[in-house]
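First listed ligand is number 1; within each ligand, the first listed atom is number 1.
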Amino acid sequence: MSKALILNGSPRGKKSSSASLAEYMKILFEAEGIESEIILILTQLNKGERIKEMVQKIKSADFVVLFAPLYDDCQPSIVIKTMEIIAEEKMNLSNKTFIPIINCGLPEPEQISEGVTPIYNQFAITVGFKWGGSLAIGGGEGIQGRFGKQLDEIGAFAKNAIEALNDIVQSLVSEIQYPNVEIILVPKIFYKWPLVNLMTSINTKSWKKMAEKKGEKVDAQPYLEE
Ligand SMILES: Cc1cc2nc3c(=O)[nH]c(=O)nc-3n(C[C@H](O)[C@H](O)[C@H](O)COP(=O)(O)O)c2cc1C
């Protein structure tokens, strides 16, 4: 029986969009008779013993699926640490397929495809994983995994993610290469006038409020000529 190891690389741990996506993928794997397990990178890196345990689980998996958020056009540090651990172990990974499934807060998935996907790809090549394709999810913040909802309980918002996860599992089962795919969860109507203006204005107000709370002068214009 094939085994899938699902790594949740979100620093939010169980209360993350990555967790919600990972839980759903586990259900899909099990429906195909693929034994699967989710581990939280955050807690796994706590102790030397747990790191060894994670390495062991990678060694015995056929598919290694990484769920993680985009942080400042990069990987969260716990994911970078995990990539370093895998590289240092110098394991034989040639029979294991690696797939990164990355979500970001803003709607544009190209932030992921043009930023971290090539890094994950280079990582896979360097350590010897088989590249199984990738999924870039724009607007992942809206999945609201942190409120404990399963993907199929969120409604139409999660439709594209559900379809893509299904496609990935089917590609793995039928040994067909999955491509590098981008999806957007935010409905297209939000990109059109007048909603796009309304959303931009709401977002700007909310960013300003957050910055003000942290003591920033949000309307400062330090480079404005007198
Ligand atoms: C430190 C930090 C940096 C972030 N950088 C980006 C970014 O560059 N682009 C973006 O669209 N979202 C960014 N986000 C938003 C997260 O990618 C987004 O909230 C994501 O849905 C979190 O996924 P998770 O719940 O699986 O951790 C950032 C969030 C944090 C905390």
Handout entry: For atom 21 (O) of ligand 1, closest protein heavy-atom neighbour
Key = N103 OD1, 2.5 Å

Exercise for the section: Please determine if L70 has a nitrogen or oxygen closer than 3.5 Å to a nitrogen or oxygen of ligand 1. Expected result: yes

Completion exercise
closest protein heavy atom to atom 5 (N) of ligand 1 is D72 N, 2.7 Å

Practice task
Tell me which protein heavy atom sits closest to atom 2 (C) of ligand 1, plus the residue, atom name and distance to 0.1 Å.
Solution key: Y71 CD1, 3.5 Å

Practice task
Answer with side chain, backbone, both or neither: which part of R12 has a heavy atom less than 4.0 angstrom from an atom of ligand 1?
Solution key: side chain

Exercise for the section: Taking only Lys NZ, Arg NE, NH1 and NH2, and the carboxylate oxygens of Asp or Glu, determine whether K208 and E212 approach each other closer than 4.0 Å. Expected result: no

Exercise for the section: For ligand 1, find out whether one of its N or O atoms is nearer than 3.5 Å to an N or O atom of P69. Expected result: no

Exercise for the section: Do me a favour and list the nearest non-hydrogen protein atom to atom 27 (O) of ligand 1 with residue, atom name and distance? Expected result: S10 OG, 2.5 Å

Practice task
Please determine if A68 has a nitrogen or oxygen closer than 3.5 Å to a nitrogen or oxygen of ligand 1.
Solution key: no

Practice task
Among all protein heavy atoms, pick the one closest to atom 15 (C) of ligand 1 and tell me residue, atom and distance.
Solution key: G105 N, 3.7 Å

Exercise for the section: Please check if atom CD1 in I202 has more than 12 non-hydrogen atoms from other residues, nucleotides or ligands closer than 6.0 Å. Expected result: yes

Practice task
Decide yes or no on side-chain contact (heavy atoms from CB on, under 4.5 Å) for M199 and Y191, but give the supporting numbers first.
Solution key: CA-CA 9 Å; M199 294 312 290; Y191 285 96; over 6 Å; no

Problem - Output field: ring centroids F98/F63 closer than 6.0 Å - result: no

Problem - Check ion pair E141-R12 (N to O, under 4.0 angstrom) - result: yes

Problem - N197 side-chain N/O to W193 backbone N/O, donor-acceptor pair under 3.5 Å - result: no

Problem - Q111-ligand 1 polar pair, N/O distance under 3.5 Å - result: yes

